[in-house]
Amino acid sequence: MSETETIFSKIIRREIPADIVYEDDLALAFKDINPQAPVHIIVIPKQPLAKLADAESQDHALMGHLLLTVKRVAKLVELNNGYRVVINNGPDGGQTVNHLHLHILGGRPMLWPPG
Ligand code: 5GP
């Protein structure tokens, strides 16, 4: 796999199945295969950006779009009592898939501090 070719690229291309909850020209949202909360959704850019630290100023509109997509998806799945948004970046951030993604976690009260 190249640096930009991940399991998420295959989900974008529908080569492997995923429970997709939202899609537009720039972003895709699907249920996490190993949910850490009653609702756990992954939001990704279709553009294969490996991690947040790789985003450049030309990506600023995409970054804003991803945050607004989180808001839209959270409303769609009726997380009306709140939710947590997480971006794991790099090894110490706990990132395991090298395609930028935002976790939406909800359906229960979240704890703080995280592990
Ligand atoms: P990270 O640890 O990189 O922040 O998050 C990667 C997330 O992707 C994990 O929560 C993991 O469960 C999820 N994931 C990994 N492979 C797949 C897959 O094939 N399908 C789905 N739906 N989620 C996946």
Side-chain angles (χ1 to χ4, degrees):
M1 260 187 209
S2 75
E3 201 195 340
T4 53
E5 175 64 25
T6 68
I7 197 91
F8 291 173
S9 318
K10 293 183 192 300
I11 289 175
I12 293 167
R13 296 197 300 264
R14 310 299 204 268
E15 288 171 13
I16 63 165
D19 197 341
I20 292 169
V21 296
Y22 175 83
E23 179 171 25
D24 62 30
D25 287 352
L26 299 175
L28 187 70
F30 51 90
K31 292 185 183 171
D32 197 292
I33 205 168
N34 182 24
Q36 302 301 311
V39 178
H40 186 171
I41 295 169
I42 300 285
V43 175
I44 62 172
K46 289 184 171 175
Q47 175 188 321
L49 188 62
K51 60 184 184 298
L52 181 62
D54 294 339
E56 302 286 358
S57 50
Q58 72 256 23
D59 300 314
H60 86 271
L62 177 63
M63 296 298 116
H65 182 78
L66 291 172
L67 275 182
L68 289 172
T69 300
V70 164
K71 179 198 122 169
R72 181 174 290 173
V73 170
K75 193 169 182 192
L76 205 64
V77 300
E78 299 181 333
L79 286 174
N80 300 321
N81 207 37
Y83 49 90
R84 179 169 292 169
V85 184
V86 173
I87 300 175
N88 296 327
N89 181 83
D92 278 5
Q95 184 174 5
T96 60
V97 178
N98 290 325
H99 183 126
L100 173 64
H101 51 282
L102 296 82
H103 297 257
I104 306 174
L105 297 148
R108 65 167 168 81
M110 296 296 144
L111 303 175
W112 195 263

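Numbers for residues simply follow the sequence, beginning at 1. Just so you know, ligand 1 is whichever comes first in the structure, and atom 1 is the first atom listed for that ligand. All heavy atoms count here, side chains included; hydrogens, waters and symmetry mates do not.
Looking at Met63 and Leu52, their side chains come closer than 4.5 Å, going by heavy atoms from C-beta outward. Here the side chains of Pro48 and Thr6 are not in contact, with every heavy-atom distance at 4.5 Å or above.
At least one heavy atom of His101 lies less than 4.0 angstrom from ligand 1. Under a 4.0 Å heavy-atom criterion, Lys10 is not in contact with ligand 1.
Ligand 1 has a nitrogen or oxygen under 3.5 angstrom from a nitrogen or oxygen of Ile33. Residue Gln95 has no N or O atom closer than 3.5 Å to an N or O atom of ligand 1. Inclusion of Phe30 in the set of residues having an N or O under 3.5 Å from an N or O of ligand 1 is not warranted. Annotation: Gly94 places an N or O atom under 3.5 Å from an N or O atom of ligand 1; distance criterion only.
Transitive grouping of hydrophobic side chains (ILVMFWY, heavy atoms separated by less than 4.5 Å) brings Val39 and Leu102 into a common cluster. Under a hydrophobic-cluster definition in which Ile, Leu, Val, Met, Phe, Trp and Tyr are linked whenever side-chain heavy atoms come within less than 4.5 Å, directly or via other members, Ile104 and Leu26 are assigned to the same cluster.
Across Val73 and Tyr22, no two heavy atoms sit closer than the pair CG2-CB, 3.7 Å.
Near His103, meaning under 4.0 Å from any of its heavy atoms, are these atoms of ligand 1: 1 (P), 4 (O), 5 (O), 7 (C), 10 (O). Those atoms of ligand 1 that come under 4.0 Å of a heavy atom in Asn34, given as number and element, are 12 (O). When each atom of ligand 1 is checked for a heavy atom of Val97 under 4.0 Å away, the hits are 3 (O), 6 (C).
For atom 16 (N) of ligand 1, the nearest protein heavy atom (residue, atom name, distance) is Ile7 CG2, 4.0 Å. The protein atom (non-hydrogen) at minimum distance from atom 8 (O) of ligand 1 is Phe8 CZ, 3.5 Å.
Selection from Lys31, His40, His99 by nearest heavy atom to atom 22 (N) of ligand 1 gives Lys31. Counting only non-hydrogen atoms, the option in Ile87, Asp19, Asp32, Val86 that gets closest to atom 13 (C) of ligand 1 is Asp32.
When the shell of 6.0 Å around NZ of Lys31 is examined, it contains 12 or fewer heavy atoms from other residues, nucleotides or ligands. Applying the 6.0 Å contact sphere to CD of Glu78 captures no more than 12 heavy atoms from other residues, nucleotides or ligands. Shown here is Arg84, whose CZ atom has more than 12 heavy atoms of other residues, nucleotides or ligands within 6.0 Å.
For Arg14 (side chain) and Ile12 (main-chain N/O), a donor-acceptor pair under 3.5 Å exists by modelled atom type.
Contact annotation for Ile11 and ligand 1: only side-chain heavy atoms (C-beta onward) come within less than 4.0 Å of the ligand. Looking at Asn88 against ligand 1, only its side chain comes within 4.0 Å, counting heavy atoms. Here Thr96 has heavy atoms under 4.0 Å from ligand 1 in both its backbone and its side chain.
No close placement of the His99 and His101 rings is indicated, their centers lying 6.0 Å or farther apart.
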